[in-house]
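Here's the structure, in structure tokens; my notes come after.
The chains referred to below are lettered A, B, ... by the order of the sequence lines, with proteins before strands, and numbering in each begins at 1.
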Number of protein chains: 4
Amino acid sequence: MQLGVIGLGRMGGNMVKRLRADGHEVIGFDLSPQSGRDVDSLEALVSALTAPRVVWIMVPAGAPTDATVDQLAELLEEGDLVIDGGNTRYTDDQRHEQQLSAKGIHFMDVGVSGGVWGAERGYALMAGGSLADYERALPIFESLKPEGEDGLVLAGSVGGGHFAKMVHNGIEYGMMQAFGEGFETMMRSDLIENPAAVMTSWRQGSVVQSWLLDLFARAAQDDPDLHNMPPVANESGEAKWMIEAALELGVPTPATASALWARQTSRGAGEDTLRVVSSLRAQFGGHVTK
Amino acid sequence: MQLGVIGLGRMGGNMVKRLRADGHEVIGFDLSPQSGRDVDSLEALVSALTAPRVVWIMVPAGAPTDATVDQLAELLEEGDLVIDGGNTRYTDDQRHEQQLSAKGIHFMDVGVSGGVWGAERGYALMAGGSLADYERALPIFESLKPEGEDGLVLAGSVGGGHFAKMVHNGIEYGMMQAFGEGFETMMRSDLIENPAAVMTSWRQGSVVQSWLLDLFARAAQDDPDLHNMPPVANESGEAKWMIEAALELGVPTPATASALWARQTSRGAGEDTLRVVSSLRAQFGGHVTK
Amino acid sequence: MQLGVIGLGRMGGNMVKRLRADGHEVIGFDLSPQSGRDVDSLEALVSALTAPRVVWIMVPAGAPTDATVDQLAELLEEGDLVIDGGNTRYTDDQRHEQQLSAKGIHFMDVGVSGGVWGAERGYALMAGGSLADYERALPIFESLKPEGEDGLVLAGSVGGGHFAKMVHNGIEYGMMQAFGEGFETMMRSDLIENPAAVMTSWRQGSVVQSWLLDLFARAAQDDPDLHNMPPVANESGEAKWMIEAALELGVPTPATASALWARQTSRGAGEDTLRVVSSLRAQFGGHVTK
Amino acid sequence: MQLGVIGLGRMGGNMVKRLRADGHEVIGFDLSPQSGRDVDSLEALVSALTAPRVVWIMVPAGAPTDATVDQLAELLEEGDLVIDGGNTRYTDDQRHEQQLSAKGIHFMDVGVSGGVWGAERGYALMAGGSLADYERALPIFESLKPEGEDGLVLAGSVGGGHFAKMVHNGIEYGMMQAFGEGFETMMRSDLIENPAAVMTSWRQGSVVQSWLLDLFARAAQDDPDLHNMPPVANESGEAKWMIEAALELGVPTPATASALWARQTSRGAGEDTLRVVSSLRAQFGGHVTK
């Protein structure tokens with residue numbers, strides 16, 4: 001089917017390739033002239049599409065997505081469908097939907113997982129919106145998702161797609177932290193000769209078999225002690241949002257939160273906490289660490 | 001090759017089947033006459049094996065394994081090899097080795113993962129001991145492990161096999177907790193219609209693809225809200241040992257520990273902590289929860 | 001000085017007594033006729049006060065405080081000062097200030113700690129607002145605070161008072177959890193005869209001397225095992241807000257959060273997490289806990 | 001009464017002063033000739049004391065204390081009493097008691113809290129042993145403890161004194177972490193002008209009043225941002241022991257453990273965990289933090 005894609009970065013660009021390979025007519029727009037865009041403005045994109053249009057937004061979350069929705073609310077017409085496939089916070093989806101539905105424009109949010117591997121493996125898609133809109137966009141979803149019966153779900157109403165993706169990322173944080181804690185425990189033990197070899201062996205027959213473990217095996221192949229990797233990790237925001245959502249909903253998330261905090265601490269958070277501890281120890285007679 | 005197996009319970013019994021199917025000559029012993037044992041005493045088992053013997057212990061950790069090692073230290077001869085495939089704590093392995101090596105008997109510890117699925121999928125094996133002993137027992141390992149290049153590792157010296165298995169189980173705890181936190185967050189949200197369907201969809205294309213997720217999908221098929229499952233979970237001991245080992249080694253394990261504590265709390269732990277909180281709140285004017 | 005107080009519940013009523021005992025002219029209003037109110041409407045309260053007025057709000061946070069601010073914005077005049085001494089979330093303070101300042105009405109937020117003991121001990125006060133407003137209300141603060149040099153602070157601009165109080169309550173959660181964990185560890189140990197006696201002994205000479213420990217000693221006097229207290233605790237909301245604020249600010253708060261989660265878990269949170277754990281264990285061969 | 005004291009370091013030396021000021025006849029021994037010791041060998045110490053003797057050990061835990069007990073078991077006689085006032089792990093106390101009781105020598109363990117302030121404030125004492133031994137040593141305890149009704153307890157049988165002290169230190173860790181988390185949250189917020197001033201104000205009227213808060217106020221007086229303190233803290237071992245004991249006893253200790261882990265992380269622990277996280281993120285397309 002015909003669709004417009006806004007945002008031709010790494011993710012967007014790969015998705016367009018996958019869609020075109022499956023026979024869809026994609027008209028791509030990006031702010032950058034170097035992006036290989038088909039049209040050079042949103043206006044041109046909208047003109048190039050036949051109504052009722054389908055437009056897929058794949059730009060950074062926050063201000064860029066807000067600005068795109070603002071413009072689309074001006075340019076599109078009743079019956080058109082906007083799909084936000086970026087990493088928008090679920091709380092923004094409802095705002096975007098209201099903005100668009102005031103003009104009769106339909107809206108869906110889709111959480112997309114898969115990273116750079118999605119181009120080849122297919123992307124896991126979690127959609128939020130009405131069943132009718134979902135069915136309308138189904139040919140697109142079918143081309144983006146992996147082959148097989150899984151990898152695509154209508155998670156719930158608008159916001160549900162990004163909520164599901166956010167939870168997915170929170171779980172991913174917890175799993176990575178769990179693997180990390182195990183690896184470090186083995187690294188410190190005299191009993192284990194090659195922790196990376198042990199972990200790699202778990203790729204078959206074990207309970208912890210997983211894609212993350214496969215990726216670990218790849219990463220450790222040439223650097224089994226991971227000494228080329230920095231002991232520092234960024235956060236993407238989604239795990240934080242999940243913990244905030246869980247706090248609001250009254251759900252304890254100690255494993256997920258500990259994963260987030262470990263990353264924050266690796267970038268300097270927690271230092272003032274330790275200054276307090278250190279000050280108090282100095283006051284009651286403990287030695288200050290130099 | 002020929003080997004004796006002590007302990008023909010669910011795990012041991014399945015392993016014997018897998019070994020025999022692969023052409024090994026297994027002589028099985030179990031305390032229970034209903035076990036389908038081949039001999040009715042340890043003495044008979046030792047007599048039935050040709051020296052140098054290989055004996056695989058598959059009995060409960062702790063006292064039963066200690067008693068078995070005690071007896072084997074009496075019955076076996078120099079050059080024989082004892083393999084403990086049970087869930088023994090790694091700190092006990094060194095004791096067992098010393099006890100046996102005093103008489104020239106070799107010892108290996110092997111952590112075995114795979115549960116009831118191992119019979120069919122093959123077991124992930126983590127061995128601790130010398131390279132020579134490992135190579136001697138390799139035909140057994142090859143038959144027990146899954147097909148493919150992974151699923152078997154010589155993790156390190158004696159104790160290393162059970163240490164690796166212990167860490168494996170700790171990671172498993174953390175992963176299960178992470179999935180649980182994500183599921184509960186979705187269960188509480190109005191935005192998600194069917195949390196189990198969302199999680200099942202992640203089986204393809206997502207970052208959290210894993211065998212545990214496959215098992216979740218199976219479990220949720222007929223009971224998507226998991227209301228037939230109790231909100232209570234036991235612990236097997238190994239995650240606790242891992243956290244203790246990590247404490248000794250100075251490795252923070254917040255995700256693993258939170259998983260253990262959630263299980264302990266589900267069985268009544270933490271209650272006195274809350275009585276203190278509740279008492280203090282009553283004292284400074286908060287209301288006591290009835 | 002003259003002031004109006006809105007809300008004559010347990011906290012508000014005690015504060016009025018303390019203010020009157022110190023010579024202030026307090027005109028009290030409450031929705032309930034049984035409250036011992038001086039006037040029976042907000043209109044009457046405003047009429048009874050001489051401009052420029054000072055009005056102290058001491059009603060439940062959220063809708064009741066919002067409604068009170070709405071009405072005061074209508075009734076008060078330029079130069080009047082509204083002080084919110086309730087448990088309002090700091091994020092609402094800025095909204096209230098904007099609402100009032102649009103009409104030239106000044107606003108301060110004051111976090112008040114002290115519970116039922118404040119009537120006698122004095123209340124710890126944390127104020128947010130301008131220095132000029134702080135100095136204007138200082139006679140009130142001086143009468144409410146404990147004798148001595150501490151117990152009162154201008155924490156920062158509007159919102160800062162409730163932010164400080166929120167952090168105070170978060171710390172309180174962590175401290176209570178720490179005492180609870182220690183108590184429970186002693187309760188489970190054969191080595192300690194009377195955990196409550198041990199804790200009570202720490203009231204002098206120890207590093208953990210604190211008012212909370214004094215309250216514990218009181219609570220434990222007639223019930224050393226605390227068996228009359230339920231193993232369940234509510235949350236007041238402020239610790240949750242603190243953790244949310246810390247998440248936004250990138251500050252790890254594992255001790256504070258674990259205290260919140262312990263309380264949530266005591267009231268049924270975390271159950272679906274355990275159903276997942278329990279389901280997975282059942283699938284790979286562990287026994288389901290009955 | 002007469003007693004020997006072994007170990008005249010900062011703690012031991014201060015305690016001897018306090019005992020002598022109260023009229024006790026103290027004979028002090030230390031390995032160092034610069035310590036101001038009264039005798040230059042354990043043999044001389046034992047000779048100088050009148051049987052039945054009381055000997056107080058105040059040397060570092062572990063090997064030094066073990067060696068001292070070994071020697072005292074040789075030198076002392078039936079009916080003598082050894083008191084270990086150091087930071088010995090409670091699990092070692094029972095071993096020491098058995099060693100000494102084989103020769104009829106009595107044993108007590110006493111946890112001592114108070115740091116450098118104890119000389120002036122008095123020390124909080126937690127004793128483990130028999131009631132008869134406790135009463136025998138009571139004059140010593142009375143002189144060391146603070147004035148007032150608290151500060152001394154017979155916590156339980158042998159080991160109970162150090163167990164109680166260990167739990168005390170665990171609670172202290174949790175409290176310090178809680179204060180630290182609160183301080184850092186305020187440091188990061190624009191709403192709070194001077195976090196140290198806020199915390200200092202809590203010394204009166206608040207729920208978090210405590211000796212640790214008093215010490216914080218002292219520390220922050222000349223360095224309100226604590227920038228002269230390193231964001232690094234050591235651990236003394238006792239919190240780790242408490243968490244291990246709690247693990248064995250099945251008691252969740254998330255607040256205490258998070259405090260320990262924060263300190264460990266400040267000294268480089270957790271780095272391999274983050275290397276795993278960082279490797280996995282690089283593999284699935286996240287950017288590696290430089």
Side-chain angles (χ1 to χ4, degrees), chain C residues 90 113-114 118 121-124 126 145-146 148 150-153 155-157 159-160 163-164 167-168 170-172 174-175 177-179 181-182 184-186 188-189 191-193 197-198 200-212 242 245-246 249-251 253-256 258-259, chain D residues 90 113-114 118 121-124 126 145-146 148 150-153 155-157 159-160 163-164 167-168 170-172 174-175 177-179 181-182 184-186 188-189 191-193 197-198 200-212 242 245-246 249-251 253-256 258-259:
Chain C
Y90 71 97
S113 175
R121 291 202 317 164
Y123 299 91
M126 297 140 256
K145 75 178 281 293
D150 296 312
L152 173 63
V153 71
S157 50
F163 193 96
V167 169
H168 166 277
I171 294 172
E172 173 198 313
M175 290 172 73
Q177 177 72 15
F179 277 119
E181 294 177 4
E184 181 161 338
T185 301
M186 291 195 287
R188 295 258 185 138
S189 170
L191 290 173
I192 303 295
E193 210 159 293
V198 171
T200 298
S201 82
W202 294 337
R203 294 177 65 193
Q204 284 184 286
S206 91
V207 174
V208 301
Q209 280 180 288
S210 54
W211 190 55
L212 284 170
M242 172 185 156
L249 296 165
V251 178
T253 54
T256 314
S258 69
Chain D
Y90 71 96
S113 176
R121 290 204 315 164
Y123 300 92
M126 297 139 256
K145 74 178 281 292
D150 296 311
L152 173 62
V153 71
S157 50
F163 193 95
V167 169
H168 167 275
I171 293 172
E172 173 197 313
M175 289 171 74
Q177 176 72 16
F179 278 119
E181 293 177 5
E184 181 161 338
T185 301
M186 290 194 289
R188 295 257 184 138
S189 170
L191 291 174
I192 303 295
E193 207 158 296
V198 171
T200 298
S201 82
W202 293 336
R203 294 177 67 192
Q204 285 184 286
S206 91
V207 174
V208 302
Q209 279 180 289
S210 54
W211 190 54
L212 284 170
M242 172 183 157
L249 296 166
V251 178
T253 55
T256 314
S258 69

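Note: C/Ser201 OG to D/His168 NE2 = 8.5 Å, rounded to the nearest 0.5 Å. Taken from CG in C/Leu212 to OG in D/Ser210, the straight-line distance is 8.0 Å, to the nearest 0.5 Å. The distance from atom CD of D/Gln177 to atom OG1 of C/Thr256, rounded to the nearest 0.5 Å, is 7.5 Å. Between D/Tyr123 atom OH and C/Gln204 atom CD the span is 15.5 Å, to the nearest 0.5 Å. Rounding to the nearest 0.5 Å gives a distance of 8.5 Å between CD of C/Gln209 and OG of D/Ser113.
Among D/Gly170, D/Gly122, D/Ser157, D/Ala255, the residue making the largest number of heavy-atom pairs under 4.5 Å with chain C is D/Ala255. Chosen from C/Ala164, C/Ala246, C/Gly114, the residue pairing most often with chain D at heavy-atom distances under 4.5 Å is C/Ala164. Of all the listed residues (D/Gly159, D/Ala245, D/Gly148), the one sharing the greatest number of non-hydrogen pairs under 4.5 Å with chain C is D/Gly148. With chain D as partner, the option from C/Gly250, C/Ser258, C/Ser206 having the largest number of non-hydrogen pairs under 4.5 angstrom is C/Ser206. The most heavy-atom pairs under 4.5 Å with chain C, out of D/Gly174, D/Pro254, D/Ala178, come from D/Pro254. Note on D/Gly156, D/Gly151, D/Ala259: by heavy-atom pairs under 4.5 Å with chain C, the leading option is D/Gly151. In terms of non-hydrogen atom pairs under 4.5 Å with chain D, the most contact-rich of C/Val198, C/Thr185, C/Val207 is C/Val207. In terms of non-hydrogen atom pairs under 4.5 Å with chain D, the most contact-rich of C/Gly160, C/Gly182, C/Ala155, C/Pro146 is C/Ala155.
Across all their heavy atoms, C/Met175 and D/Met175 have their closest contact at CE-CE, 3.5 Å.
Side chain of C/Arg188 to main chain of D/Leu249: a donor-acceptor pair is present (N/O by atom type, distance under 3.5 Å, no hydrogens or angles).
At a 4.5 Å heavy-atom cutoff, the contact between C/Arg121 and chain D is made by side-chain atoms alone. In this structure, the portion of C/Leu152 lying under 4.5 Å from any heavy atom of chain D is its backbone and not its side chain. Residue contact with chain D, scored on non-hydrogen atoms closer than 4.5 Å, involves the backbone and the side chain of C/Ala197 alike. The contact between D/Met126 and chain C is made entirely by side chain atoms (from C-beta outward), counting heavy-atom distances below 4.5 Å.
Residues D/Trp202 and C/Val167 have side chains in contact (heavy-atom distance under 4.5 Å, counting atoms from C-beta outward).
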